[in-house]
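Worksheet for the structure shown next.
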Amino acid sequence: MSIYDHRAIEQKWQKKWRTAGIYQPNLSSARKPFYNLMMFPYPSAEGLHVGNVYAFTGADVYGRFQRMQGKDVFQPIGLDGFGIHSENYSIKIGKHPAQQAKISEKRFYKQLSEIGNGFSWDQRLETYDPDYYRWTQWIFVQMFKRGLAYRKKASVNWCPSCKTVLADEQVEGGVCERCKTPTERRATEQWFFKITEYADRLLANIEKIDWPEKIKTAQRNWIGRSEGAEIDWEIVGSKRLKGRRVTTFTTRLDTIFGATFLVLSPEHPIVGDLISGSEAHNYVQRALLKTEQQRKVGEKEKTGVPTAYEVRHPLTGKCIPIWIADFVLMEYGTGAIVGVPAHDQRDFDFAIEHKLSIKQVVLCNPQNLYKKPWKAFDVNKRLTDEEKCWEINKEVREGKMAYEGYGTLVSSEDFDGLSSEEAIGKILLALEKKRLGRKRVSYHLRDWLISRQRYWGPPIPMIHCDECGWQAVPEEELPVILPNVDDWQPTGDGRSPLEKAPKSWLYTKCPECGGEAKRETDVSDTFLDSSWYFLRYPSTRSARSGQVPFDPELTKKWLPVNAYIGGAEHAVLHLLYSRFVTMALHDWEYLDFEEPFPFLFSHGLIIKDGVKMSKSRGNIVIPDDYIKKFGSDALRTYLMFLGPYDRGGDFRDTGIAGMYRFLMRVWRLYQASSDQRLDKKSKVGEKTDKRLVGPLHRTIKKVTNDLSKFRFNTAIAAMMEFLNVWEERERLSAKDAMIFLRLLAPFSPHMTEELWQKIQRKASPKSYATGQVSVKRHGYRSIHLEPWPEFDESLAAFEKVEIVVQVNGKLRGRIAIAAHEATKKAKVLALAQKQPGVVRFLADVKVRKTIWVAGKLVNFVTF
RNA sequence: GCCGAGGUGCUGGAAUUGGCAGACAGACACGGCUUAGAACCGUGUGCUCGAAAGGGCGUGUGGGUUCAACUCCCACCCUCGGCACCA
């Protein structure tokens, strides 16, 4: 018996797979294309940790399962190497990002091959490769040509540590998504992509894609569509501002008669014209300097200053004062709101703080008492609904609380007595008639801020000419190569490091007039690099890869991606941007589909000792030592076993040791048979023990079903169960022993390949005619190209079943009976009544009812 | 606050068209093997009453539906993840 030398075996097969190209489909001739993709990784400074291995393994197991089912699986790999993450690491260690990239790349690919994934290595790509970013720039140019890329001056997120602006999606809870530094607001001019133009379709298509509910909800919330109305308010009290208007957005037109003030965001363009006193001036200055975190998360008190102006109510004609307060956000709606303190909690808080008047216009009624957004207040549970409403309305009338629910209108002139629902429509009509209001849909989603004041990214392919303005770099001149400069560190003054690039790069001719012009020095967001890489993969080795971003024929064959697998942390980043870019390319007729990932599976998180792995906690688990000690097969199989794949789990050393034991046991069962003579004690022999046929077919069934649903942990449990039975029983024929190996192959590809090669010699050749194709093409017959085992439903069925016997729902006995007898009611009932437990419990009582579930259960009811 | 997921032995987890709760593993304990340890093999392990046979209880809490509830309904508590002054 040879020992299980996992290191030698794994290295041997990794090399062989690569040279034989068994995971390399022929992209143009494949008959059953299956594009299996794991989310684009970026090389981390520390290399891979088990969290990455977990993500890759799950995707790989699924890919292998598909491959064995006869699909031509394309499972490419590459590197998202451009971007702040890589650049920040370069800053830390003081190495040029381009040099560091080469080092990381080598190490990353080496680690990846050690896990034993079935990657299609030929098509790998790196985002910092000019052959790739040429087309990233091309996408920018297309966006510009169609008016979807534009420049505007705006108040944007600024990370003082990364020294660059960030998109809204990259600020999480007021801190930078990358470095966790609180972000600030800065008013600068930047490049944006008009993703908002696609808001409605991005929202509507969510219904058509097979994604986890969690991620779909996150995208819906992020897009945040709400229907409401705009109202124009005329400014009064100043000749200078005569005729000027302020527009507000509201979803609650029914409360409009309760407006007692109007509030502007400090960033609102009209604010400059309204502030005169130093108090207001100071307030605005201070508000603009606050970090997002201070403004949004930290401080809940409603600060603000009054102005000397008022606006006229479009319906009542009465005047209400204008205030400036930083709880109003410039980015949402119109940057101005109407204050209705009686019916909005924030307006209420603000009114109390600044002693503004409160006017009740909606009465709570029982129909709306428990409806969202209002939650009934239940100071006294004994009150009836009517009494509760009366209490609420009294409190609101006295200015003690805000009622945010719908109800019946009062003090609203002609609209008194209407319900909120009716009033919203009718008040809108009234406003439209006066041309002082209109229907409006507002989104939380904002345009994608695409420019970055950093070095390590694709230069934005734009040229600025003093005469002709902004011009796109002509497509035939792409790529705009990122110049190799020594001084590449971010500056922090808002200017890009490329400002210091050689003049020969910086200045060029205007594509329009030929005059002297200057290049854009900002680079694009890393998320643009990763928003289309899946389109490029099939085409990287195409003869047309130099002429087009993606070969139309290959794209038609392979896209959209059949299975996309990754973490949920990109719910509103990568996954939203990719949808947007794909949709845009579809509209420009480069693609015939709108959604890049019709099916997405999001895996859980691997934690350690109950907490998230993180550098600061120092509990990051590096796979390398485990691979050395136990092998990648044991690591992979353990990771897939420790919990449901969509939930993740806790990594433990003892667990992986246990999985190693399991693989050892499998190994041993196959050893004797690899000898020339079949060892008498071996568990692989000429014939299969009869008692193993049922369990084997049940195992095939269970593993097949589980794998198709990503239920890896229970699939492995089923194989363990089979192994336990097999060890107790006699032998499995070589043919059946090969079935078991194939079931295990997606999880432990190296060991099963090794055993497969040895056992093949023992097996009768005629039962495996299918292997010939792989021999012809790859020079040997790999288990990973073998067909997935099929089960026989009749063999999988149990010959004997157990019927549960209950008295009053409590277990009192069991009957073991042949499966074909188990459905015979009279017979089973007779047997059931003779069960000792049943006899005892039915001794003095009468059975009033008998429940009979055919083939499963008998329940005698005595009451 | 809102949205999503979840709460089952000592631990990870399994079981849902309502029908044997605790599969499979880890850990621990005892036994075998061993000079010894590791490895390996065997046995046991939800709580509780009982010498045993055999009972009772038990899936976050409290109620409900049902012959039967981890599974369905109502109310609540807790944990994790996401969003959050969104008008």
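Reckoned from all heavy atoms, side chains included, excluding hydrogens, waters and symmetry mates.
- Other residues, nucleotides and ligands contribute at most 12 non-hydrogen atoms within 6.0 Å of the NZ atom of A:K214.
- Checking B:A87, B:C67, B:C83 against every side-chain atom of A:E172, the shortest atom distance belongs to B:C83.
- As judged by a 4.0 angstrom heavy-atom cut-off over every strand, A:G658 is placed among residues touching the sugar-phosphate backbone only.
- Contact of the A:M720 side chain with the A:F641 side chain is registered, since non-hydrogen atoms from C-beta on lie closer than 4.5 Å.
- At whole-Å resolution of the value, CG in A:L857 and C1' in B:C67 are 10 Å apart.
- The six-membered or imidazole ring of A:W448 lies away from that of A:F527, with a centre-to-centre distance of 6.0 Å or more.
- Between the P atoms of B:A23 and B:U43, the separation comes to 15 Å (whole Å).
- If you take CZ of A:F747 and P of B:A25, they are 15 Å apart, rounded to a whole angstrom.
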**Request:** Starting from the C-alpha separation in whole Å, work towards a yes-or-no answer on ring-ring contact (aromatic ring centres under 6.0 Å, His included) for A:F601 and A:W211.
**Result:** CA-CA 7 Å; A:F601 190 94; A:W211 285 19; over 10 Å; no

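- Atoms CD (A:E213) and P (B:C3) sit 14 Å apart, rounded to a whole Å.
- With a glycosidic angle more than 90° from 0, B:G18 adopts the anti conformation.
- Remark: side-chain polar atoms of A:H343 are paired, donor with acceptor, to backbone N or O of A:V362 under 3.5 angstrom.
- When both distances must be under 3.5 Å, the Watson-Crick or G-U wobble mate of B:A14 does not exist.
- Base engagement by A:E802 is indicated by at least one non-hydrogen atom pair under 4.0 Å involving a base atom.
- A perpendicular orientation is assigned to the rings of A:F712 and A:F747, their planes being inclined by more than 60° (bins at 30° and 60°).
- When the nucleotides B:C85, B:A87, B:A14 are ranked by their closest atom to the side chain of A:D326, B:C85 comes out on top.
- Distance noted for atom P between B:A21 and B:C57: 12 Å (whole Å).
- Nucleotide B:A52 has no partner under the Watson-Crick or G-U criteria, as no pair reaches both atom distances under 3.5 Å.
- Looking at heavy-atom distances under 4.0 Å, A:D344 makes no contact with the nucleic acid at all.
- Using a 4.0 Å heavy-atom cutoff across all strands shown, A:E569 reaches no nucleic acid atom at all.
- Rounded to a whole Å, the CG atom of A:D646 is 14 Å from the C1' atom of B:C80.
- Judged by Watson-Crick or G-U wobble contacts below 3.5 Å, the nucleotide B:A69 has no partner.
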**Request:** Could you check A:Y626 against A:Y660 for ring-ring contact (aromatic ring centres under 6.0 Å, His included), going step by step and ending with a plain yes or no?
**Result:** CA-CA 11 Å; A:Y626 293 98; A:Y660 187 71; over 10 Å; no

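- Remark: the A:K214 side chain and the B:C3 base include no donor-acceptor N/O pair separated by less than 3.5 Å.
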Look for any protein N or O under 3.5 Å of an N or O in nucleotides 8-12 of chain B and output each such pair with its distance, or none.
{"residue": "B:U11", "atom": "O2'", "partner": "A:R652", "partner atom": "NH1", "Å": "2.9"}
{"residue": "B:U11", "atom": "O2'", "partner": "A:R652", "partner atom": "NH2", "Å": "2.8"}
{"residue": "B:G12", "atom": "O2'", "partner": "A:L642", "partner atom": "O", "Å": "2.7"}

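- Atom P of B:U71 sits at a distance of 13 Å from the matching atom of B:G62, rounded to the whole Å.
- Within a heavy-atom distance below 4.0 Å of RNA chain B, the residues of residues 710-726 of chain A found are A:N713, A:T714, A:A717, A:M720, A:E721, A:N724.
- Picking from B:A39, B:C85, B:A14 the nucleotide with the shortest atom distance to the side chain of A:F327 gives B:C85.
- Here the P atom of nucleotide B:G54 and the CG atom of A:L811 are 12 Å apart, to the nearest Å.
- Heavy-atom contacts from other residues, nucleotides or ligands closer than 6.0 Å to CZ of A:R7 number 12 or fewer.
- Between A:F261 and A:F350, the ring planes lie tilted relative to each other; the angle falls in the 30° to 60° range.
- Set against B:C40, B:A87, B:C67, the side chain of A:V328 has B:A87 as its closest nucleotide.
- Where A:G837 and A:T251 meet RNA chain B, the nucleotide closest to each residue was compared, and A:G837 sits on the side nearer the 5' end.
- Remark: side-chain polar atoms of A:Y283 are paired, donor with acceptor, to backbone N or O of A:D326 under 3.5 angstrom.
- With rounding to whole Å, A:R661 atom CZ is found 12 Å from B:A38 atom P.
- To the nearest whole angstrom, the two P atoms, one in B:G50 and one in B:G56, are 16 Å apart.
- One interatomic measurement links the two molecules: CG of A:L329 to P of B:A84, which rounds to 11 Å at whole-angstrom precision.
- Comparing A:Y443 and A:V853, the nucleotide of RNA chain B nearest to each residue sits closer to the 5' end for A:V853.
- Using cut-offs of 30° and 60° on the angle between ring planes, the pair A:H603 and A:Y645 is tilted.
- Listed candidates were B:C86, B:G56, B:C85. Nearest to the side chain of A:K302 is B:C85.
- Nucleotides B:A27 and B:C10 have their C1' atoms positioned 7 Å apart, rounded to a whole Å.
- Proximity note for A:R665 (side chain, C-beta onward) versus B:C3, B:C57, B:A25: the nearest is B:A25.
- Rounded to the nearest Å, the gap between the P atom of B:C70 and that of B:G63 is 15 Å.
- Pair check for B:C28 finds B:G44; Watson-Crick or G-U wobble, both atom distances under 3.5 Å.
- In this structure, B:A5 forms a base pair with B:U79, meeting either the Watson-Crick or the G-U wobble geometry with both donor-acceptor distances under 3.5 Å.
- Distance check on atom P: B:C40 versus B:G26 gives 9 Å, rounded to whole Å.
- At a threshold of 4.0 angstrom between heavy atoms, the contacts of A:R840 are confined to the sugar-phosphate backbone, with no base atom among them.
- In A:K800, the NZ atom is not crowded: 12 or fewer heavy atoms of neighbouring residues, nucleotides or ligands sit closer than 6.0 Å.
- For the pair A:F348 CZ and B:C85 C1', the interatomic distance rounds to 16 Å; values are reported in whole Å.
- Across all strands shown, A:R812 has heavy atoms under 4.0 Å from sugar-phosphate atoms exclusively, and none from any base.
- Remark: A:R185 engages A:E331 in a salt bridge, criterion side-chain N to carboxylate O under 4.0 Å.
- Of the C1' atoms belonging to B:U8 and B:A14, the separation is 10 Å, rounded to the nearest Å.
- OP1 or OP2 of B:G54 has not a single side-chain nitrogen or oxygen of A:K810 nearer than 4.0 Å.
- For A:F249, taking side-chain heavy atoms from C-beta onward, the closest of the listed nucleotides B:A84, B:A87, B:G4 is B:A87.
- Within 4.0 Å (heavy atoms only), A:P212 reaches no atom of the nucleic acid at all.
- The partner of B:G37 cannot be assigned: no Watson-Crick or G-U wobble pair with both contacts below 3.5 Å exists in any strand.
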